[in-house]
S.K.: 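Before we start, here is the structure in question, set down as structure tokens.
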Amino acid sequence: MDERTLDAIIARHDAPAGRLLGILGEIQNQEGYVPRETLELLSEKLGVRLSQLYGLATFYSYFTLRPVGDHVITVCMGTACHVKGAVAILEALEGLLGIKSDVTDDGKLSVTTIDRKFTVEIARCFGACSMAPVLRIDGNLYGYATPEDLPVILGEYGWTP
Amino acid sequence: MIQQKIPGKPVTVTINGKKYRANEGEILLSVAIREKIEIPHLCFEASLDPYGACRLCMVEVVRKGKREMATSCTLRAADGLEVLTDTPEIEKHRSILFELYLAEAPKSDVIRDMAAHYGVTRTRFLKRIEQGDPLGNKCVLCGLCVRACSEIMGAGAINFINRGPYTVVNTPYYAPSRDCFGCGACVRVCPTNAIEMEDVGADRVMKSWSDTRVPLSQCECCGRYYAPRELSASVLARLDTPLKEEIARLCPECRGKQLAQNEILAGRGGRATHG
Ligand code: SF4
Ligand code: FES
Ligand code: FES
């Protein structure tokens, strides 16, 4: 993220309450993740310790510290989805995309394909348990998902076998 | 922030049936410590606001014939306050906590000894042992180091990072910190001796904090490295000139020697200077 964009974001958040989270949220939305250089620059500009910003960015699962792919697939691993076969969905995704999900330093499950097209993450309950198991791709929800549906769904996002 | 120093009016509190004098508003745990009444505690540090994180200092407060549990580090002395420190309820609560701490910080001798002192030598919980943990599997996440670093020193080099079961204390990105003074306040407040710090040649190395290196000042007289350079510079900025010059050049030991020498020579009408 360039300095001008960051300045514009900072200027939009001048109220002290929730300021840091607001700024971090915008960075996350624009970049798809929170780049290290941006966080360091932000710390300098606001005079807020980097440790404080980093603590926030790693506390809320909303933020990602690593770049993500063009499409973000979030598999729900909440109780209902788990019972209804979320593990099979995750495994099928790993098979189709040729990745192995792995827990990062911050305890977050997030893997990106080598071609940077897809990132697979997990969440705990979208609040759509009646349609379990559920997955979400770029904000679109897919309920009653089965491993067999996945190739078609992924196809909508440019996946080819 | 720093606890207020103005003493409140004298009051009488009852601990385990015995009466003790205290100042109104004084922290009950402080009263107990002063009176040598044993209450285990990990996260209490007199120079910081009470925080109530470790839950080990629980006591039972007796009020109108009823009892309720409270952390003694957040409890304030008031006239007629009555507490019990070793009821069966408290003992049960403590044992479970010790079991949890034995699992959380399996390599800490402090925890092991403390737990053993209260008769807990085993844990039913899964021990969390991580290879290469910068805090040697001794941290109980009490937060004292984080607070000493930011609230007392104003450095803010370390913080809690990550969340849930992955929460640890360290520097951002596990990278050497630019905000660390190398003061060692974290090492001093840590109740489980988890933080490793070592002076290597001209540097102080904060091993647990991603090997952050801080340059030390060298004594002009004996050549010893004695205090983090940046830290002494900021302290010096607040001192009188003559003293400042001496402190800036000499380690405490050589300064002591020089003082003594000057005294002796002054008695004989002479004066020594360092060259
Ligand atoms: S390193 Fe020590 S002081 Fe810091 S949180 Fe862990 S136990 Fe507490
Ligand atoms: S458990 Fe998956 S949506 Fe609730
Ligand atoms: S000392 Fe009271 S909760 Fe830790």
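Residue numbers start from 1 in every chain, and the chains themselves are labelled A, B, ... in the order their sequence lines are given, proteins ahead of strands.
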S.K.: Which answer fits Leu39(A), side chain, backbone, both or neither, if we ask what part of it has an atom under 4.5 Å from a heavy atom of chain B?
M.R.: side chain
S.K.: Answer yes or no: is there a side-chain heavy-atom contact under 4.5 Å between Tyr54(A) and Asn159(B)?
M.R.: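 Tyr54(A) vs Asn159(B): side chains apart.
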S.K.: Taking side chain as everything from C-beta outward and backbone as N, CA, C, O, which of these in Phe160(B) sits under 4.5 Å from a heavy atom of chain A? Side chain, backbone, both or neither.
M.R.: backbone
S.K.: Provide the closest heavy-atom pair for Ser51(A) versus Gly156(B) in the form atom of the first, atom of the second, distance.
M.R.: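 Between these two residues, the closest heavy atoms are OG-O, 2.6 Å.
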S.K.: If you draw a 6.0 Å radius around NE2 in His13(A), do more than 12 non-hydrogen atoms from other residues or ligands fall strictly inside?
M.R.: yes
S.K.: Kindly check if the number of other-residue, nucleotide or ligand heavy atoms within 6.0 Å of CZ (Arg178(B)) is above 12?
M.R.: no
S.K.: Would you mind telling me which of Glu40(A), Gln52(A), Arg36(A) has the largest number of heavy-atom pairs within less than 4.5 Å of chain B?
M.R.: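 Most heavy-atom pairs within the cutoff with chain B belong to Arg36(A).
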S.K.: Report, as yes or no, whether the 6.0 Å neighbourhood of atom CZ on Arg124(B) holds more than 12 heavy atoms from other residues, nucleotides or ligands.
M.R.: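 Open.
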S.K.: Just wondering, more than 12 heavy atoms not from Lys84(A) lying within 6.0 Å of its NZ?
M.R.: no
S.K.: Got a sec: does the NZ of Lys127(B) have more than 12 other heavy atoms crowding it under 6.0 Å?
M.R.: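 No.
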S.K.: A quick test of your reading: do over 12 heavy atoms of other residues, nucleotides or ligands sit less than 6.0 Å from CZ of Arg128(B)?
M.R.: yes
S.K.: Would the distance check show the side chain of Arg163(B) and the main-chain N or O of Thr58(A) forming a donor-acceptor pair, the cut-off being under 3.5 Å?
M.R.: yes
S.K.: Which atoms of Ile158(B) are under 4.5 Å from chain A, going by heavy atoms: the side chain, the backbone, both sets, or neither?
M.R.: backbone
